[in-house]
Amino acid sequence: MLVLGAMGGTTGWHYSITHNPRLAPHVPNYSAAAAGRTFPSAAGVHTAELFFTDDTGLYFFPTRDAGALVDPAAEEITAELMVERHRDRSRRLSAERLYLPREEPYLDRHNHWCVNVPGSLLVIPVADIAQHFIAVLCFLAQNGYAIYDDVHNRKIPGLDTFGGLVDIEQPFPLTFAEQYALTEATAELATACYAGTLMLQAMGLGGWMFDGIDRFTMLGASGTPKVPGLGFRYDRDERWSTPNPTGREGVFEAYCPPHYSDMAAAVEAFARRKFGPGGPFHPDTPGAWTDSPGVRGSAQVHDERFKACITLQAQYIFDTFGKFPGTVPTVFILNYVQAHHLDLEFYDHHFKPGAYLHTHATHLQKWHNRA
């Protein structure tokens, strides 16, 4: 729980983005989560969640919409409190450890001997790029921008209707905007893993962050039922060079079809996440400010015209490319973190002094009362 908490725990209320003269007198309404977590997210959008597996099974550890499970303004934040508040977030998906064959293409060859072995903890951060790209489209529109299809070199039909809301003469390239979303979400995944490795060192555990597991295998698109991975639904299309996972029903569903009827429904769901109960811009959601209801309630709610502008662009992408986003994956995995006990005798024999930390040398005594 300490490793999971370090990688994806909530740390209090997110302070949001509070200044943009273009949006005044409203507070900028970019964020999609009310709580902050142990890793940064562009404008507080937060689309990543954690899965993990160990000897007791496969689990989902959702925290992005849990609210602030701890509050520094009201209590002393300790490791014990973080564990206590986060323990109940784990949702068991299977009683068996995630199965990964020790061969290519499932695992890189140099990882066959050590990844997902008995006794280890394997943590798997996953990002919803579809939702993140909806957030990017909203951000662009809030600042007067739209996109055009640079793959087919054409403007999005019907966008002229939204002149005055967005600049229809100087749109952003679709591929640029989608790469932006992918890169921003990847920063969540990478920094979550880095936070996890720092906790490993502090605790004296062995392990590392790495990307040597095939992401399609992990998401459920291995092509063989014997290797279900996380069990995500995926689709194939002759327009795509790779399969496209979109989510696991009732667990982690990307903001796009088939998990929503169309992109209008996905955009509406994103607006509910932001402005509905528990969202960052609902006046009844607690916060860090002395006047939290006033700050949260001052954000401008996405009106029907704004949502229609976002939906037009999003639905065009889905209809044109057969998926959303059109040129990058709908769901993305990059890094993993594994935790295990270190074989100190190996390092003592093959390495010079200093190959491991004092925390590693004393881990068994401190944490397990063993010499």
Side-chain angles (χ1 to χ4, degrees), residues 1-2 4-20 23-50 60-91 125 127-128 131-132 134-135 138-139 142 184-185 187-188 191-192 195 199 251-253 255 267-303 306-307:
M1 290 307 305
L2 285 171
L4 291 168
M7 292 184 65
T10 67
T11 55
W13 297 108
H14 186 262
Y15 295 175
S16 191
I17 305 296
T18 55
H19 181 73
N20 183 339
L23 303 177
H26 303 287
V27 66
N29 57 358
Y30 306 144
S31 304
R37 291 197 283 179
T38 51
F39 58 87
S41 174
V45 172
H46 280 287
T47 71
E49 295 278 33
L50 302 183
F60 182 45
F61 184 67
T63 59
R64 73 184 185 192
D65 294 315
L69 296 177
V70 296
D71 188 349
E75 56 195 346
E76 181 183 359
I77 309 303
T78 64
E80 291 81 4
L81 183 66
M82 288 286 286
V83 168
E84 176 188 340
R85 296 284 173 80
H86 287 81
R87 189 183 302 280
D88 292 340
R89 299 303 302 171
S90 296
R91 175 180 171 186
D128 178 359
Q131 184 183 173
H132 201 105
I134 291 174
C138 289
F139 172 84
Q142 286 163 291
E184 284 188 337
E188 293 188 26
T191 51
M199 179 58 79
V251 179
F252 185 98
E253 300 175 346
Y255 277 44
V267 170
E268 191 64 45
F270 183 65
R272 285 196 303 272
R273 185 181 175 219
K274 294 174 68 171
F275 303 105
F281 304 111
H282 192 285
D284 292 340
T285 301
W289 301 278
T290 52
D291 180 18
S292 292
V295 174
R296 295 200 187 283
S298 70
Q300 186 173 19
V301 178
H302 295 333
D303 61 23
F306 183 92
K307 289 186 287 188

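Values below: all heavy atoms of this structure, side chains included; hydrogens, waters and symmetry mates excluded. Everything numeric here is computed off the predicted structure, so don't read it as measured data.
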Mind checking the [atom1]-[atom2] spacing from [X] to [Y]? Nearest 0.5 Å is all I need.
{"X": "H46", "Y": "R64", "atom1": "NE2", "atom2": "CZ", "value": "11.0 Å"}
{"X": "D291", "Y": "S298", "atom1": "CG", "atom2": "OG", "value": "9.0 Å"}
{"X": "I134", "Y": "K307", "atom1": "CD1", "atom2": "NZ", "value": "12.5 Å"}

Is the shortest distance from a Lys or Arg side-chain nitrogen in E268 or R273 to a carboxylate oxygen in the other one below 4.0 Å?
-> no
So, are R85 and E80 salt-bridged, with charged N and O less than 4.0 Å apart?
->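 Result for this pair is no, no salt bridge flagged.
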If you count the non-hydrogen atoms of other residues, nucleotides and ligands that lie under 6.0 Å from CD in E76, is the total more than 12?
-> no
Looking only at non-hydrogen atoms, find the nearest pair between [X] and [Y] and report the distance.
{"X": "V83", "Y": "L2", "value": "CG2-CD2, 3.7 Å"}
{"X": "T38", "Y": "T11", "value": "CG2-CG2, 3.6 Å"}
{"X": "L4", "Y": "L50", "value": "O-CD1, 3.9 Å"}
{"X": "M7", "Y": "P125", "value": "CE-CG, 4.1 Å"}
{"X": "Y15", "Y": "A288", "value": "CE2-CB, 3.5 Å"}
{"X": "A35", "Y": "A68", "value": "CB-N, 3.6 Å"}

For residues [X] and [Y], determine if any side-chain heavy atom of one lies less than 4.5 Å from a side-chain heavy atom of the other.
{"X": "F61", "Y": "R91", "value": "no"}
{"X": "L69", "Y": "R89", "value": "yes"}
{"X": "P286", "Y": "W13", "value": "yes"}
{"X": "H14", "Y": "S31", "value": "yes"}

Verify side chain to side chain contact (heavy atoms under 4.5 Å, CB included) between F281 and S16, making sure each step is shown before the conclusion.
-> CA-CA 10 Å; F281 304 111; S16 191; 4.0 Å; yes
Quick one: does H282's side chain have a donor or acceptor within less than 3.5 Å of a partner on G278's backbone?
->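 Checked: no pair found.
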Okay, side chain of R296, backbone of T285: is any donor-acceptor separation there less than 3.5 Å?
-> yes
What is the ring orientation for Y255 with F270, classed by angle as parallel under 30°, tilted 30 to 60°, or perpendicular over 60°?
->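 Taking F270 first and then Y255, their aromatic rings stand perpendicular (interplane angle over 60°).
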Is there a side-chain hydrogen bond (donor to acceptor under 3.5 Å, both in side chains) between E188 and S41 once you walk through the steps?
-> CA-CA 6 Å; E188 293 188 26; S41 174; 2.6 Å; yes
Which is it for F139 and V45 under the side chain to side chain contact (heavy atoms under 4.5 Å, CB included) test, yes or no, and what are the steps along the way?
-> CA-CA 11 Å; F139 172 84; V45 172; over 6 Å; no
Show the numbers, then the answer: is there a side chain to side chain contact (heavy atoms under 4.5 Å, CB included) between M82 and T10?
-> CA-CA 8 Å; M82 288 286 286; T10 67; 6.0 Å; no
Before giving the answer on side-chain hydrogen bond (donor to acceptor under 3.5 Å, both in side chains), spell out for T63 and R37 the whole-Å C-alpha distance, their side-chain angles and the decisive distance to 0.1 Å.
-> CA-CA 8 Å; T63 59; R37 291 197 283 179; 3.0 Å; yes
Ring centers of H302, F275 separated by less than 6.0 Å |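 Between H302 and F275, the centre distance is under 6.0 Å.
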Using the side chain to side chain contact (heavy atoms under 4.5 Å, CB included) rule, take C138 and Y30 through it: C-alpha gap first, then chi angles, then the decisive distance, then the call.
-> CA-CA 8 Å; C138 289; Y30 306 144; over 6 Å; no
